[in-house]
Amino acid sequence: MSWLPLSFGAPMVLWGLLALPVIWWLLRLTPPKPQSEIFPPLKILARVLKREETPQQSPWWLTLLRLLMAALIVAALAEPVFNPHEKLPAEGAALALVIDNDWASAADWNKRVATAERLINDAGSHGVPVVIAFTAEKANAEIGPFDAAAALDRLRAAKPRPIPTDRPAVYARVAGVLERLPGTSVAVLADGLAAKGDEAAFNTLLSKNAARVVWATADRLSLTGLTAADNQVDGFALTAIRAPGDPAPAQVTAGAFDDKGRRIADATLTFAPGEATATGTMAVPFELRNDFASIALDGERQAGAVRVLDENSKRRRVGLLSQAEADQAQPLLSPLYYIRRALQPFADLVEPSSADLADAIPQILDQKPAMIIMADIGTIPAQVRQRLVDWVDNGGTLVRFAGSRLAAAGNDDDLLPVRLRTGERSLGGALSWTSPQPVTEFPKAGPFADLAPPTEVTVSRQVLAEPTPDIVERTWAALADGTPLVTGLKKGKGTLVLFHVTPEATWSNLPISGSFVEMLRRIVQLSRNQGAAVANAEAAATSLAPYRMIAADGSLVPPTPDARPLVPGAGALPVTLENPPGLYGSETGVFAHNLLDATSKFEPLARPQITVPVTTIQYAFDESRNLKGALVLAALALMLLDTLAVFWIGGLFSRRPRRAGAVATTAAILIVLGALFGHADLARADDAKPGDEVAITAISKTRIAYVLTGVPGVDSISRAGLEGLTRFLIEKTALEPGAPAGVDISKDELSFYPLIYWPIDPSAPMPSQAAIARIDAYMQQGGTVLFDTRDQFANGIGADSTSPATERLRDILGNLNVPPLEPVPSDHVLTKSFFILPEFPGRFAGSPLWVEASLDASNADNRPVRTGDGVSPIMITANDFAGAWAVDENGDPLLPTVPADPMQRIYALRAGVNIMMYMLTGNYKSDQVHVPILLERLGQ
């Protein structure tokens with residue numbers, strides 16, 4: 001049942017909506033109010049007490065809310081689907097999916113996968129097995145039948161391949177499986193591109209127990225491919241193709257890329273209305289064209305839009321030299337006429353401006369040619385000869401043609417591939433009984449091995465090579481009587497080539513034959529690598545390893561595991577899974593194997609004549625949405641609103657004692673509602689205040705503070721001293737304080753620290769009254785300040801004459817609420833809080849440590865322990881504790897003790913430990929003496 005864009009999986013459940021009027025009536029109906037008789041003595045109380053009234057019926061809006069909740073539940077049980085996709089005919093004995101996963105399917109592969117997933121899911125809902133086959137995979141790939149889950153796994157593991165389809169072979173395998181499954185639904189997910197053998201393939205597939213067919217294709221064949229990229233005289237000539245019959249004009253842009261993937265040139269190709277072919281030219285200098293590694297069409301994410309280039313696509317500069325003067329009236333007799341005509345399509349020709357070889361050869365060499373052709377040049381001037389020899393040794397290719405001048409010049413071992421006999425050989429003349437000789441089969445070891453022998457070519461005159469043991473190896477072409485026609489020799493990095501005939505049609509008709517063009521082209525190709533002449537016969541017999549492959553989406557990728565070495569041969573090589581398109585070879589040289597060639601065309605795939613029912617669909621993503629979950633959530637939300645409304649009607653939120661509970665209930669409901677509708681995070685106020693992070697850090701560990709006096713030397717000693725005490729505490733006790741903290745008593749929070757060490761220095765500024773007031777408040781709230789005048793040898797407390805530090809301390813204490821003080825008694829907690837200490841030395845010894853006096857300090861006999869549980873808020877010393885504790889980064893003392901006694905520093909550190917333990921434990925140690933009395937009173 002379907003009402004677009006909404007459908008229901010269980011439409012019969014919607015009949016439950018007819019019960020809504022009954023539900024309305026039940027919700028509105030309430031039983032009659034029971035009659036009540038009031039006992040007469042309680043009549044007066046009945047009038048006073050407030051009676052709880054029951055409404056006669058529910059409010060209309062609450063009833064409507066409940067009806068809507070019921071309607072949502074009924075609709076959810078009907079399994080509604082928004083924007084449903086068409087149910088496909090996947091029932092029957094099986095579902096056979098045949099999917100094109102070739103290069104033409106790469107651009108919209110995800111849509112094809114989504115379409116196939118819908119088909120498989122529909123088959124799974126009917127419990128139908130699935131046969132799934134891909135037309136660009138190996139012939140022995142498993143095709144099923146599978147269950148729906150296994151078929152989905154295989155579908156998601158598949159990917160488009162950069163090769164053509166093989167429908168005949170794959171369809172035949174599927175037809176063989178369908179023979180055992182009569183009544184099968186066949187789904188054809190084609191790429192829309194016609195291929196050879198399609199008619200027979202479809203006949204084979206659909207004639208084997210196909211009960212119905214699902215035909216899926218794209219809206220239209222919108223592929224654009226690149227079939228040719230020829231490096232011509234003026235630029236790279238590009239040819240692109242598209243499907244025929246498109247009435248709209250179109251433009252495509254092609255980009256050229258170097259071997260590092262950088263874009264270095266562009267061209268625009270225009271399709272005329274109704275035309276399937278477009279051409280364009282990349283008009284750039286040939287030096288830049290030689291850097292092209294690939295050319296690709298913009299916006300086309302498929303392998304047919306990319307062409308890789310090898311050495312055959314590069315042009316080389318060829319220099320032409322001749323000693324004969326040009327005859328404009330008889331151009332056919334010019335020595336360079338046929339050479340120019342043969343080389344112009346694939347080489348850039350340069351000629352000198354001077355006829356003098358002494359000037360002409362340097363002019364040619366200055367332009368850095370890859371090959372130089374000399375037409376009947378005899379002796380080379382001595383002043384330029386060595387430069388020409390060096391050019392050949394460094395990789396140049398020198399091609400020489402015979403003639404009367406060369407025959408008379410004699411041998412030149414550095415610039416000729418073979419030694420020559422003196423004079424010329426004449427065939428078919430009045431003085432020769434030998435007739436003109438034809439050209440025989442090209443030697444298998446030469447660069448012309450794969451060329452057909454030119455049967456129409458004959459030679460009537462030539463220069464002969466001296467017979468040597470290696471003459472056969474140097475022969476690239478020979479006459480029927482075995483005499484060499486073309487000889488070649490690798491010299492250094494370059495190559496020497498000699499045609500034993502003239503370049504014009506006087507000694508032979510070779511220059512006017514088609515074979516002459518191909519022979520020169522092969523020699524130019526050899527010169528591409530600067531004279532690295534590798535015989536084509538050897539290359540044909542050698543397999544080239546995969547180097548860089550073209551992926552189905554048109555990108556260049558490393559070789560795939562399926563790729564195998566390629567064996568080049570004559571003619572176009574097929575593109576297969578073992579030999580996908582790309583570059584084969586190595587960094588020293590590659591062979592381009594492209595998907596499309598000049599004869600390729602895009603023909604749309606026509607649907608065959610099918611006698612069984614056919615359902616035609618388009619590739620598309622599944623945009624349907626199941627609304628069952630959303631409706632259930634909405635019903636639950638309305639249920640919570642109903643509960644909230646009942647609480648409100650019952651006066652829950654208006655009763656004062658329950659206000660907190662109601663607020664909590666409301667908050668909980670809001671949280672649940674937020675979770676149901678996908679709002680995981682509720683907005684809340686940020687309660688953080690400035691300084692909270694500092695406060696948390698300060699209280700995370702116990703830290704000792706020291707007052708920043710503003711005197712650099714004093715502050716550094718204070719910090720080093722407290723760091724030394726911290727290390728000693730960590731080593732000797734279970735306490736692990738944090739790093740010491742320097743505090744500004746005028747603004748920093750002091751309550752974070754149990755003890756503040758204050759070194760008194762007369763040169764430091766006098767604290768303000770506000771700062772002293774903060775210290776006084778800190779002491780009143782339980783903190784302790786350790787004042788250290790560090791002036792034991794200057795003067796002590798109580799002396800007639802006082803030191804400046806003591807005067808400054810008196811000024812500070814005069815503004816504080818200082819309790820009575822006394823030197824630490826022998827039985828004070830400080831003397832036994834950790835170590836047993838009779839005195840408290842620092843860097844100096846002798847000054848007492850002053851603390852708050854006991855309440856009964858005058859009665860020494862009645863004072864076995866200190867009275868009270870508090871800790872002295874103030875301590876005063878002149879022994880310079882920090883100076884004794886101070887250490888450097890290595891733990892070595894910074895200042896000497898006075899007197900220089902190592903044990904005095906140990907006692908000073910122990911004094912610091914006792915002070916810290918006293919600060920943290922209070923009178924705990926003193927209270928231990930009362931334990932026996934307490935146990936006695938408890939009867940223990």
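Position 1 is the first residue of the sequence, and the numbers go up from there. Note that the structure is predicted; figures quoted are calculated from it, not measured.
- Between the Thr877 side chain and the Leu849 main chain, no donor and acceptor come within less than 3.5 Å of each other.
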Next item on the list: With salt bridge (Lys or Arg N to Asp or Glu O under 4.0 Å) as the test, would you mind laying out the steps for Asp791 and Arg808 before giving the verdict?
Entry: CA-CA 12 Å; Asp791 59 352; Arg808 175 57 58 85; over 6 Å; no
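- Residue Arg774 qualifies as enclosed at atom CZ: its count of foreign heavy atoms under 6.0 Å is above 12.
- Side-chain atoms of Asp715 come within 3.5 Å of backbone N or O of Thr709 as a donor-acceptor pair.
- The environment of Tyr907 atom OH is sparse: at most 12 non-hydrogen atoms of other residues, nucleotides or ligands sit within 6.0 angstrom.
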Next item on the list: Go through the steps for Phe835 and Val913 under the test side chain to side chain contact (heavy atoms under 4.5 Å, CB included), then give the verdict.
Entry: CA-CA 8 Å; Phe835 295 103; Val913 172; 3.9 Å; yes
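- Side-chain atoms of Thr560 and Asp562 form no donor-acceptor pair, as typed in the model, at a separation below 3.5 Å.
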Notebook entry, point to check: Would Glu723 and Arg727 satisfy salt bridge (Lys or Arg N to Asp or Glu O under 4.0 Å), going step by step from the backbone distance to the final call?
Noted result: CA-CA 6 Å; Glu723 286 178 351; Arg727 290 190 182 187; 6.0 Å; no
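- Side-chain atoms of Thr831 do not come within 3.5 Å of backbone N or O of Asp827 as any donor-acceptor pair.
- When Arg910, Lys832, His828 are each tested for a side-chain contact (heavy atoms from CB on, under 4.5 Å) with Leu837, only one passes: Arg910.
- With hydrogens and angles disregarded, no donor-acceptor distance shorter than 3.5 Å links the side chain of Ser872 to the backbone of Val851.
- With hydrogens and angles disregarded, no donor-acceptor distance shorter than 3.5 Å links the side chain of Asp553 to the backbone of Arg301.
- A pairwise comparison of heavy atoms in Arg263 and Asp298 identifies NH2-OD2, 2.8 Å as the closest pair.
- Counting all heavy atoms, side chain and backbone alike, Ile760 lies closest to Ala805 at CG2-O, 3.3 Å.
- With contacts defined as side-chain heavy-atom distances shorter than 4.5 Å, the pair Pro899/Gln904 qualifies.
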Checklist line | side chain to side chain contact (heavy atoms under 4.5 Å, CB included) between Asp880 and Gln792, worked out | finding: CA-CA 8 Å; Asp880 191 7; Gln792 165 61 19; over 6 Å; no
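- When atom types are taken as modelled, the side chain of Arg703 and the backbone of Tyr753 share no donor-acceptor pair closer than 3.5 angstrom.
- For the side-chain hydrogen bond (donor to acceptor under 3.5 Å, both in side chains) test, no residue two or more places apart in sequence or in another chain qualifies with Tyr706.
- Closest heavy-atom contact between Ile876 and Leu786: N-CD1, 4.5 Å.
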Next item on the list: List the steps and the verdict of side chain to side chain contact (heavy atoms under 4.5 Å, CB included) for Thr733 and Met916.
Entry: CA-CA 11 Å; Thr733 72; Met916 282 302 299; over 6 Å; no
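- Side chains of Leu750 and Gln781 form no contact here, defined as non-hydrogen atoms less than 4.5 Å apart.
- Formation of a donor-acceptor pair under 3.5 Å by the Asp259 side chain with backbone atoms of Ala293 is not found in this model.
- Of the possible donor and acceptor atoms, none in the side chain of Glu839 sits under 3.5 Å from a partner among the backbone N and O of Pro848.
- Checking side-chain atoms of Asp892 against main-chain N and O of Asp888 turns up no donor-acceptor pair under 3.5 Å.
- Using a 4.5 Å heavy-atom threshold, the side chains of Met549 and Pro558 count as separate.
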Margin query: Using side chain to side chain contact (heavy atoms under 4.5 Å, CB included), reason through Ile812 and Met766 one step at a time and then give a plain yes or no.
Written below: CA-CA 8 Å; Ile812 295 174; Met766 178 67 183; 3.9 Å; yes
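- Proximity of a side-chain donor or acceptor of Asn879 to a complementary backbone N or O of Phe881 within less than 3.5 Å is not detected.
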